[in-house]
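On a predicted model such as this, the values are computed, not experimentally measured, just so you know. Just so we're on the same page: letters track the sequence lines, and every chain starts at 1.
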Number of protein chains: 2
Amino acid sequence: MRRLYHQPLSPFCRKIRLVLAEKKIEVELVEEKPWERRLDFLRLNPSGKVPVLRIDGLVLAESGAIFEYLEEVYQTAQLLPDTPAERAEARRLAAWFDDKFHHEVTVNLLYERVNKRLARSGYPESARIKEGARNIKYHLDYIGWLMEGRRWLAGDQLSIADFAAAAQLSCLDYIGDVDWSRSPALKEWYAKVKSRPAFRSLLADLIPGFTPPQHYADLDF
Amino acid sequence: MRRLYHQPLSPFCRKIRLVLAEKKIEVELVEEKPWERRLDFLRLNPSGKVPVLRIDGLVLAESGAIFEYLEEVYQTAQLLPDTPAERAEARRLAAWFDDKFHHEVTVNLLYERVNKRLARSGYPESARIKEGARNIKYHLDYIGWLMEGRRWLAGDQLSIADFAAAAQLSCLDYIGDVDWSRSPALKEWYAKVKSRPAFRSLLADLIPGFTPPQHYADLDF
């Protein structure tokens, strides 16, 4: 049985769920609370991080490595473009959101507001929340700027870059931290990603104790 | 002209230098100080990070994306194994060092001791240095544990996993922060990576104001 160990508001798990759904690979979702450091889970992935995917008799960890595996083996949908140069651009932008956006924004907003409460590891620090709120602006503007000249984030076709970005943003949107009015190009891009069938299961997640804003699951937000 | 914008003690730049040298791709090295946020450099890479590689008429950024590009286009040496499962393991371990090791160790030790002084952005925080010194132990033990059953970190052949790990460790070794005596398997592995011709240019780097320990450039350390 294919199985994904995940957290509903982990952007890296959401990225892999989008990839799996886009490629029409069915998996059983198993919620894992990484902060509990469950021994059986640490045996699967000594880094202690989600997502972890059981597939084809393997145990895969690290969302970048999981993605590349799925892209190599399951060609039901292609999430990297055809040429090495275009693939480099898609991977550059995926890394931008997985790494830069994540550390400058997601860690400061989502982890302060949500993860700390879930893991009972302290109270949100307002200095961090302010920093995250300041940082997200230029990332949103970067998306808007890219989308003024492109159909999708990395070029002419939907790619892992769109899913990496939308995975981070959908988590922040759940807690109402994304100002979609910053640019029409930004909002159009997100509406386009959000309306894909692959996005549905993400929008249906509900995290006890946290209620998403009205527009969260609305395709015409 | 191929050109790599880099910092001598950036582990991500070192990883790409190892990949380039192993594949026998000659490049001109240009030192970039990312903390100066030079406008012409930000035009090349809006994220402001090194390494950035000019090659084949392209400008490539993000070390993971640069590596995958080089691996696809330059087959003079192969740094990912043959099967998707083995490649997933090599990429998992590369991500372990690029992400987990980097944030738990390198940021706390190297960035506190060296980067803050280079960028004149404050004094080292001893709490962070202590945390880094505590964290590095279990990473070193993980390498030792892996190497008890393997020829190279990700399996039977040298891969990007070895270079990702050695790139981080060589920076920390420059400031004397690696206790190689923790296990014979760890030390043997590093001696094997370090003795590759690709490693030579790294060991020759000297950073003004910081003198590496005696054993740093010694192949029989």
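- With a 4.5 Å cut-off on non-hydrogen atoms, B:R87 touches chain A through its side chain but not through its backbone.
- By number of non-hydrogen pairs under 4.5 angstrom with chain A, the leading residue of B:G64, B:S63, B:A94, B:A85 is B:A85.
- The part of B:D99 that comes within reach of chain A is its side chain, from C-beta onward, which places non-hydrogen atoms under 4.5 angstrom from that chain.
- Side-chain contact check for A:E32 and A:Q7: no donor-acceptor pair (N or O, by modelled atom type) lies under 3.5 Å.
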Inset, instruction - Could you give me the CA-CA distance, side-chain angles and deciding distance for B:E71 and B:K23, then say whether side-chain contact (heavy atoms from CB on, under 4.5 Å) is met? - result: CA-CA 9 Å; B:E71 184 70 5; B:K23 289 178 179 286; 2.8 Å; yes
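- Between the side chains of A:Y69 and A:D56, at least one donor-acceptor pair of N or O atoms lies under 3.5 Å.
- In this structure, the separation between CZ on B:R3 and CG on B:L53 is 11.5 Å, given to the nearest 0.5 Å.
- Ranked by non-hydrogen atom pairs under 4.5 Å with chain B, the options A:A90, A:G57, A:S47, A:A95 are led by A:S47.
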